[in-house]
Amino acid sequence: MAESFGSDAERYDRARPRYPDAMVDRIVVGSPGPGVLDVGCGTAIAARQFQAAGCRVLGVEPDARMADLARQLGVEVDVATFEAWDPAGREFDAVVAGQAWHWIDPVAGAAKAAQVLRPGGRLAAFWNVFQLPPDVAQALAAVYLQVMPDSPFSLQAMTKQAVDGYQVLLTKAADGIREVGGFGDPEQWRFDWKWSYTRDAWLDQMPTLGAFTRLPPDKLAEVLEGVGAAIDAMGGSFTMHYATVAVTAVRTGAA
């Protein structure tokens with residue numbers, strides 16, 4: 001699945017949500033300088049936000065299709081997995097990863113981050129977690145179950161507190177940092193925000209979600225048609241609640 005997102009890189013870049021400016025600013029202010037390494041940078045959504053905050057950003061991305069678009073959008077990118085990437089002596093003031101650290105071995109990733117971070121540099125892995133409103137979740141669950149009866153989606157899964165499901169990822173990332181050493185105690189950050197979606201905007205984002213990137217075109221079309229009708233019945237738009245959650249730690253010494 002990690003290599004499936006580049007199948008429609010332009011849609012991914014257009015439709016995926018950005019990250020809270022408050023989080024970007026907190027990372028930038030808490031770093032010793034402007035050099036940022038964006039791990040699993042994709043189409044450089046986060047990288048461009050850090051550039052806008054005054055940083056110099058290098059991306060590392062295993063999917064050449066995503067990397068090509070990131071370069072077109074003004075970000076330098078090395079094509080490689082983070083574990084295999086050769087830093088060639090380069091050092092950074094922050095290592096960040098948006099929606100990507102769960103694809104990386106948490107110990108090997110933390111060790112590579114420790115290798116390239118300057119003293120006082122910050123590692124920050126973060127994820128956008130969306131929480132569907134209950135009425136939207138109920139309508140969408142009905143569509144999924146009709147079109148894909150064997151789907152892992154369910155009403156219970158859609159209405160539960162999605163952030164709770166990310167605690168496993170956050171814990172695994174923090175444990176990897178502790179095992180490697182050379183960092184201060186990992187912290188967890190959370191930023192809550194909202195975003196209003198029109199019918200078309202949500203249908204544009206859906207095919208970029210991991211559960212749908214490998215769905216047969218006919219099934220995807222059925223899902224989108226059903227979801228579109230459900231949103232139309234609710235007035236054509238809805239407000240999504242997001243939580244951006246992060247695990248972060250500061251480089252203190254030799255790993």
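Remark: Met206 CE to Leu224 CG distance equals 5.5 Å, nearest 0.5 Å. The CG atom of Leu117 sits 5.5 Å away from the CZ atom of Phe183 when rounded to the nearest 0.5 Å. Taking CZ from Phe126 and CH2 from Trp189, the interatomic distance works out to 10.0 Å, rounded to the nearest 0.5 Å. Atom CE in Met240 sits 13.5 Å away from atom NZ in Lys194 (nearest 0.5 Å). Atom CD of Glu10 sits about 10.0 Å away from atom CE of Met66, to the nearest 0.5 Å. Atom CG of residue Asp105 and atom CD of residue Glu83 lie 6.0 Å apart, to the nearest 0.5 angstrom.
Side-chain contact between Phe82 and Leu37 is present, with at least one heavy-atom pair separated by less than 4.5 Å. Contact of the Gln49 side chain with the Asp38 side chain is not registered, since no non-hydrogen atoms from C-beta on lie closer than 4.5 Å. Contact of the His102 side chain with the Tyr166 side chain is not registered, since no non-hydrogen atoms from C-beta on lie closer than 4.5 Å. When side chains are defined from C-beta on, Asp93 does not count as touching Cys55, because their heavy atoms never get closer than 4.5 Å. For the pair Asp192/His241, no side-chain contact is recorded, criterion being any heavy-atom separation below 4.5 Å from C-beta on.
The main-chain N or O of Leu170 is never found under 3.5 Å from a side-chain atom of Gln188 such that the two would form a donor-acceptor pair. A donor-acceptor pair is defined here as one N or O able to donate and one able to accept, closer than 3.5 Å; no such pair exists between the side chain of Gln205 and the backbone of Tyr197. Checking side-chain atoms of Arg48 against main-chain N and O of Val75 turns up no donor-acceptor pair under 3.5 Å. Here the side chain of Thr244 pairs no donor or acceptor atom with the backbone of Asn128 at under 3.5 angstrom. A donor-acceptor pair under 3.5 Å is absent between the side-chain atoms of Ser196 and the main chain of Thr239, judged by distance alone. No side-chain donor-acceptor contact under 3.5 Å links Glu61 to the backbone of Val77.
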(request) Give the intermediate values and the outcome of side chain to side chain contact (heavy atoms under 4.5 Å, CB included) for residues Arg71 and Val79. (result) CA-CA 11 Å; Arg71 293 187 187 110; Val79 176; 3.4 Å; yes
(message) side chain to side chain contact (heavy atoms under 4.5 Å, CB included), that's the test. Do Phe50 and Ile27 meet it? Break it down for me.
(response) CA-CA 9 Å; Phe50 280 94; Ile27 293 170; 3.8 Å; yes
(request) Decide side chain to side chain contact (heavy atoms under 4.5 Å, CB included) for Ile231 and Phe238; before the verdict, give the C-alpha distance in whole Å, the side-chain angles of both, and the deciding distance to 0.1 Å. (result) CA-CA 8 Å; Ile231 297 174; Phe238 66 93; 3.8 Å; yes
(request) Give the intermediate values and the outcome of side chain to side chain contact (heavy atoms under 4.5 Å, CB included) for residues Val116 and Arg90. (result) CA-CA 7 Å; Val116 302; Arg90 290 169 288 186; over 6 Å; no
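Of all non-hydrogen atoms in Gly59 and Cys41, the two that sit nearest each other are CA-SG, 3.8 Å. In terms of heavy atoms, Gly54 sits closest to Pro34 at O-CB, 3.9 Å. Contact detail for Gly184 and Ala249: the closest heavy-atom pair is O-CB, 3.7 Å. Shown here for Ile177 and Pro186, the closest heavy-atom pair between the two residues is CG2-CG, 3.9 Å. The nearest pair of heavy atoms linking Tyr19 to Gln99 is OH-CG, 2.9 Å. Considering every non-hydrogen atom in both Pro207 and Arg11, the closest pair reads CG-NH1, 3.8 Å.
The aromatic rings of Phe130 and Tyr242 stand perpendicular to each other, their planes meeting at an angle above 60°, with 30° marking the opposite boundary.
The local environment of CD in Glu179 is sparse, with at most 12 non-hydrogen atoms from other residues, nucleotides or ligands closer than 6.0 Å. Within a 6.0 Å radius of CD in Glu91, other residues, nucleotides and ligands contribute more than 12 heavy atoms. The 12-atom threshold is exceeded at CG of Asp218, counting heavy atoms of other residues, nucleotides or ligands nearer than 6.0 Å.
Under a 4.0 Å N-O distance rule, the pair Arg18/Asp13 qualifies as a salt bridge. Taking the charged nitrogens against the carboxylate oxygens, Asp175 and Arg178 do have a contact shorter than 4.0 Å, which makes a salt bridge.
In the hydrophobic clustering of ILVMFWY residues, with side-chain heavy atoms under 4.5 Å counting as a link, Phe92 and Val250 come out apart. Cluster annotation: Trp127 is connected to Leu123 through the hydrophobic network of ILVMFWY side chains, with a link wherever side-chain heavy atoms come within less than 4.5 Å.
Side-chain contacts under 4.5 Å among hydrophobic residues (ILVMFWY), followed directly or transitively, place Leu69 together with Leu73.
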